[in-house]
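Have a look at the structure below, then the notes.
Because only heavy atoms are used, hydrogens play no part in the values below, and waters and symmetry mates are left out as well, while side chains stay in.
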Amino acid sequence: MIIHGVNMKTTVSIIKADVGGYPGHSTVHPELVKKAEEELQIAKKQGEINDYFVGKCGDDLQLIMSHNHGVDNKGIHKLAWDTFVACTAVAKKLKLYGAGQDLLADTFSGNVKGMGPGSAEMEFEERKSEPLVCFMMDKTEPGAFNLPIFRIFADPFNTAGLVIDKGLHHGFSFEVYDVMEHKRVMLNTPEETYDLLALIGGKSRYVIKRVYPRKGSPVPEKEPVACISTDKLSQIAGKYVGKDDPVALVRSQAGLPAMGEVLEPWAFPHLVSGWMRGSHNGPIMPCSMEDATPTRFDGPPRVVALGFQVADGMLNKPVDLFKDIAFDHARKKALKIAEYMRRHGPFEPHRLPAEDMEYTTLPEVLEKLKERLKPME
Ligand code: F6R
Ligand code: MG
Ligand code: MG
């Protein structure tokens, strides 16, 4: 966007939090959406943000904002924080479940990172046309994005453009976080594909944070083309406070994966960790925002995709992409897998391995049985 001869970059930020579920952990009360819209409308009028859309996925309230302040901007993060605080007051009045659960601090300290909410942000020079998808998940964790993001940007069986479009043929660069050791590494595909997979196959520890274009791409190399929220709530709080329920932004078309290539991986409802009590494996089911209301066994986990055409800093009205009948088959498949997984009850691999569970009674059970545990022969 050109303003007074200066080329202003556009930033898209999605900042989300669970500030109260309705009923239980299933969805967001309409009054919370209304309150968030009111707050962001004021910010838009005051010129703090260019545009906004308030979304929801399961019990998570999603603030999608466009502005010119860059990523990690204190004002934008404070706006999101204050909006969540205002919504928490509504949630408390309505006695919604877990009101304010993701606001881990009493006062805002400059950036929502480490304070409970999750965020994904990208600053970029708007292209001639800028299609962007905002993915929102509930009842799972950031590693749930590893498989689909890999497929979008590095799997030629998913993305035909990697093979037949010269804008994509040289591949992409992946920024991977080790969330346990707090380290990061850049890996280039296609030549480091196997190293990348060796890490991101371990999705509870290694998560894709960003994807960048490579030399020769029509998009500048320094501009991310995908960004995933990686906030680890359980590690932030040092105790269980709910799964991370991640979000992601993905830019598309004209030298990037086409819209249909960005959506293609979701036709396969892959297994993710989360679901009931953040302690079970289950299929991720693509669905519309209206249908993102986890019910059966608090699930199965959901993913919603909102498609925007960003124009001159404005988000404009999104299209609810998974509403399309083309995803009916994936939904049916997800329900079949959910049924199959549920039949395992408390057994792995439905139940997560002990180290990945968010709820456990194992230490207490072992303590109780301490005296009765005898050496085997
Ligand atoms: C999973 C989730 C829910 C809750 C479950 C128990 O991410 O949010 O499955 O873990 O409903 O909730 P509490 O312990 O609050 O009764
Ligand atoms: Mg909740
Ligand atoms: Mg949630």
Side-chain angles (χ1 to χ4, degrees), residues 1 9-20 27-71 73 75-87 90 102 112 117-124 126 129-138 226-229 245-252 259 262-263 286-293 302-324:
M1 177 167 51
K9 284 191 176 184
T10 298
T11 308
V12 177
S13 301
I14 170 162
I15 307 186
K16 45 84 40 183
D18 175 351
V19 291
T27 185
V28 175
H29 194 287
E31 287 296 318
L32 298 196
V33 175
K34 198 171 138 224
K35 185 72 197 166
E37 281 171 345
E38 283 166 13
E39 297 291 314
L40 296 190
Q41 181 60 29
I42 295 169
K44 183 176 170 176
K45 272 204 177 127
Q46 290 173 344
E48 241 183 296
I49 53 175
N50 297 333
D51 205 0
Y52 68 89
F53 181 80
V54 177
K56 57 182 179 161
C57 182
D59 54 8
D60 294 300
L61 183 61
Q62 315 273 349
L63 312 181
I64 307 168
M65 299 167 285
S66 63
H67 54 92
N68 303 106
H69 306 296
V71 303
N73 178 268
I76 296 296
H77 281 234
K78 186 166 181 346
L79 169 64
W81 180 265
D82 290 346
T83 302
F84 291 136
V85 169
C87 292
V90 177
D102 280 358
V112 295
S119 63
E121 302 183 281
M122 288 200 297
E123 185 186 35
F124 51 84
E126 257 183 49
S129 182
E130 193 60 66
L132 177 137
V133 185
C134 178
F135 290 102
M136 315 181 290
M137 288 182 173
D138 189 40
C227 179
I228 297 98
S229 68
D245 300 335
V247 289
L249 297 171
V250 178
R251 295 168 70 196
S252 166
M259 188 55 62
V262 172
L263 301 178
C287 62
S288 69
M289 200 162 73
E290 237 10 80
D291 288 338
T293 52
R302 308 291 159 117
V303 58
V304 171
L306 298 180
F308 294 90
Q309 274 296 150
V310 181
D312 298 327
M314 302 298 281
L315 288 169
N316 303 306
K317 199 171 158 6
V319 173
D320 198 342
L321 294 161
F322 290 148
K323 206 172 173 181
D324 190 71

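The two residues Glu121 and Val71 have their closest heavy-atom pair at CB-CG1, 3.5 Å. The two residues Ala36 and Thr83 come nearest to each other via the heavy atoms CA-CG2, 3.7 Å. Minimum interatomic distance between Gly58 and Asp138 (heavy atoms only, all atoms of both residues): CA-OD2, 3.3 Å. Counting all heavy atoms, side chain and backbone alike, Phe84 lies closest to Ala17 at CZ-N, 3.6 Å. Heavy atoms only, all atoms of each residue included: Gly313 and Glu126 are closest at N-OE2, 2.6 Å. Scanning both residues, Met259 and Leu321, for their nearest heavy atoms gives SD-CD1, 4.1 Å.
Counting only distance, with no hydrogens or angles, the side chain of Ser288 and the backbone of Lys323 share no donor-acceptor pair below 3.5 Å. The backbone N or O of Met136 sits nowhere less than 3.5 Å from a side-chain atom of Lys16 that would complete a donor-acceptor pair. Counting only distance, with no hydrogens or angles, the side chain of Asp320 and the backbone of Met289 share a donor-acceptor pair below 3.5 Å. A donor-acceptor contact shorter than 3.5 Å is absent between the side chain of His69 and the backbone of Ile49. Checking side-chain atoms of Ser119 against main-chain N and O of Ile15 turns up no donor-acceptor pair under 3.5 Å.
Tested against Met65 for a side-chain contact (heavy atoms from CB on, under 4.5 Å), the candidates Leu79, Leu315, Val12, Ile14 yield a single pass: Leu79. No option in Val247, Thr27, Asp102 other than Asp102 meets the side-chain contact (heavy atoms from CB on, under 4.5 Å) test with Asp60.
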Please walk me through it: do Glu37 and Tyr52 pass side chain to side chain donor-acceptor pair (under 3.5 Å)?
CA-CA 8 Å; Glu37 281 171 345; Tyr52 68 89; over 6 Å; no
Check the pair Val310 / Ser66 against side-chain contact (heavy atoms from CB on, under 4.5 Å), numbers first and verdict last.
CA-CA 9 Å; Val310 181; Ser66 63; 5.6 Å; no
What do the steps show when you test Leu132 against Arg251 for side-chain contact (heavy atoms from CB on, under 4.5 Å), and what is the final call?
CA-CA 4 Å; Leu132 177 137; Arg251 295 168 70 196; 4.0 Å; yes
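Partners of Ala248 by side chain to side chain contact (heavy atoms under 4.5 Å, CB included), not counting sequence neighbours, listed by chain and number: Phe135, Phe145, Ile228. Under the side-chain hydrogen bond (donor to acceptor under 3.5 Å, both in side chains) criterion, Lys44 pairs with Asp51, sequence neighbours left out. For the side-chain hydrogen bond (donor to acceptor under 3.5 Å, both in side chains) test, residues two or more places apart in sequence or in another chain that qualify with Asp82 are Lys78.
Taking the charged nitrogens against the carboxylate oxygens, Glu31 and Lys35 have no contact shorter than 4.0 Å, which rules out a salt bridge.
Atom OG1 in Thr293 sits 8.5 Å away from atom NZ in Lys56 (nearest 0.5 Å). Within the model, atoms CZ of Phe322 and CG of Leu263 stand 5.5 Å from one another, a figure rounded to the nearest 0.5 Å. To the nearest 0.5 Å, the span separating CD on Glu130 from CD on Gln309 amounts to 8.5 Å. The CG atom of Leu306 lies 8.5 Å from the CD atom of Gln62; values are rounded to the nearest 0.5 Å. Taking NE2 from His67 and CD1 from Ile76, the interatomic distance works out to 4.0 Å, rounded to the nearest 0.5 Å.
With contacts defined as side-chain heavy-atom distances shorter than 4.5 Å, the pair Asp59/Asp245 qualifies.
Heavy-atom contacts from other residues, nucleotides or ligands closer than 6.0 Å to CD of Gln41 number more than 12.
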